[in-house]
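Naming convention: chains lettered A, B, ... in sequence-line order (proteins, then strands); numbering from 1 in each chain.
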There are 2 protein chains.
Amino acid sequence: MFSFTEENYLKSIVQLTVFEEGVDEVGVNRLAVYLDVKPATVTDMVKKLKAKGLINYQRYGKVSLTEEGRLIGLRVVRKHRLWETFLHDKLKFNWDQIHEIAEQLEHVNSSELTNRLDAFLGFPEFDPHGDAIPRADGSITMPYRKLLNEAVPDQLYRIIAVSDNSNEFLRLFDEMGLNINDEVQMLVRNDYDGLLHILFNGKERTISPKFAENIYVVCAKCGKAKACNCN
Amino acid sequence: MFSFTEENYLKSIVQLTVFEEGVDEVGVNRLAVYLDVKPATVTDMVKKLKAKGLINYQRYGKVSLTEEGRLIGLRVVRKHRLWETFLHDKLKFNWDQIHEIAEQLEHVNSSELTNRLDAFLGFPEFDPHGDAIPRADGSITMPYRKLLNEAVPDQLYRIIAVSDNSNEFLRLFDEMGLNINDEVQMLVRNDYDGLLHILFNGKERTISPKFAENIYVVCAKCGKAKACNCN
DNA sequence: TCGCAGCGTTAGATTGATCTAACAAAAGCC
DNA sequence: GGCTTTTGTTAGATCAATCTAACGCTGCGA
Ligand SMILES: [Mn+2]
Ligand SMILES: [Mn+2]
Ligand SMILES: [Mn+2]
Ligand SMILES: [Mn+2]
């Protein structure tokens, strides 16, 4: 139906809009960086996707998804996250090894397969990185979370997801002994250089804002990240 | 490492040589029919595969696999049959639906994945169609079997595989109530038109040679298809 | 052994996805 | 408002995989 390339473009636009708060369009250069191709390549491709009715776009304008494009992009994300869950839960892959393989599996085209896999995994809502798995109809349960970077001092949080899937990040995450569902207490944020002091596993740790801004947390008590009244 | 196309060519050459008795080379036209492309396309591709050291070939000559080409082709077959086993055993797909999906999954490139999948499935030796699954090192346990078409009258056989993966064939197979591991008794072969009379599930059935030549059997008593002394 | 049918190759074109280099528009800044 | 930086487009090229149409080999049968 759609080529790998087309699927990758739609998936990327979904990730840069649907899964990005308060954003519903994206520029050509941004997409080029994200997809690791040159802007000229993106210009050609968005013309094609517009011709197919999958995105809204005009010369020198931003790109946004049509209803159809959104559904197709979400379907790729759905497959990606289901396969990640399979690799982690069933094949016991470490969670930092699954993303790369899922990049290939996400393009396997069979809704029957996707739905049976979903059932086989017990209809998971979130993948091993804590990201929401879109349902077959395109609906999503957005987790109610905030970045560790923006956490409030003295508050206790629970890690529910990470947003960087690079090997470097995930290895560091592992090496620090962190895990999804672990609790961390935010101690203090250094205003000068942004370094964060956190309490984890009884030890105090200093982490960079770059690291912290890739970690999603919820309030450890009520489970809500925003508008939390648990102090 | 290798493109889908290259993998498909190598897999096809494996199927037309390694898995074909007494054949170790194949012509351009044969390959073209098998791959459903034009001969000119195959000519181009075999030049490329030769340049990469994967096949032996010269102008106007036949194609055969080098050791490296053989291994790569077998690896694709291995992945194909492991995925078919997964789809059938774990996701409960009917065995006539799995081939098409495995055509896509066979190209996922991760030996770690392949080997974990193998373990997850319990290191199966044969796929749901009864075909041997090549091992990671390229070795194969060739099943000792014959075509139902060539079966000896009055002998009792057990179906262990089919060689046609088309929907038409598999549906007919299902509709007749046949299954892998079922026993059938060969009654008589009509010399004039080749029709076979078999006894299956207490009923006598007449089947065409075209149908029968896609069904592999072994002797129901000793498990050996050739040189069987069980009369 | 010669001719021809079938097998295989070549040349030239197409399509999709990508690039570089040069250029054009839009945005941002004084 | 005009200059500069950022953003985006165009033209032209490349590479892989395919096709069609025309042509070249080869081996089999008479
Ligand atoms: Mn992808
Ligand atoms: Mn994920
Ligand atoms: Mn294939
Ligand atoms: Mn099979």
Above 12 or not: heavy atoms from other molecules or residues under 6.0 Å from NZ of B:K38? no

Around atom CD of A:E100, are there more than 12 heavy atoms from other residues, nucleotides or ligands closer than 6.0 Å? no

Measure the distance from [atom1] on [X] to [atom2] on [N] and round it to the nearest whole Å.
X     : N      : atom1 : atom2 : value
B:Q58 : C:dC7  : CD    : C1'   : 17 Å
A:F2  : C:dG16 : CZ    : P     : 14 Å
B:K50 : C:dG8  : NZ    : C1'   : 16 Å
A:E6  : C:dT18 : CD    : P     : 10 Å
A:L35 : C:dT18 : CG    : P     : 8 Å
B:K62 : C:dG8  : NZ    : C1'   : 10 Å
A:R30 : D:dT7  : CZ    : P     : 11 Å
A:F4  : C:dG16 : CZ    : P     : 17 Å

Check the phosphate of D:dT10 against A:K47, side-chain N and O only, distance under 4.0 Å to OP1 or OP2. Yes or no? yes

When you check the phosphate oxygens OP1 and OP2 of D:dT18, does a side-chain N or O of B:Y9 lie under 4.0 Å from one of them? yes

Identify, between A:D36 and A:Y60, the residue whose nearest nucleotide on DNA chain C lies closer to the 5' end. A:D36

Looking at [options], which one has an atom nearest to any side-chain atom of [X]?
X     : options                : value
B:V37 : D:dT18, C:dA21, C:dT18 : D:dT18
A:T5  : D:dC19, C:dT18, D:dT10 : C:dT18
A:Y57 : C:dT18, D:dT9, D:dA21  : D:dT9
A:N29 : D:dT10, C:dG8, D:dT7   : D:dT7

Sugar-phosphate only, base, or nothing, as touched by A:T43 at under 4.0 Å among non-hydrogen atoms: base

Check every strand shown and say whether B:G27 touches a base, only sugar-phosphate, or nothing at a heavy-atom separation below 4.0 Å. sugar-phosphate

Whether A:R75 and A:E7 form a salt bridge (side-chain N of Lys/Arg under 4.0 Å from carboxylate O of Asp/Glu) is what I want to check. no

Go through the side-chain N and O atoms of B:N214 and B:S163 and say whether any donor and acceptor fall under 3.5 Å apart. yes

So, for A:F93 and A:F86, is the gap between ring centers shorter than 6.0 Å? no

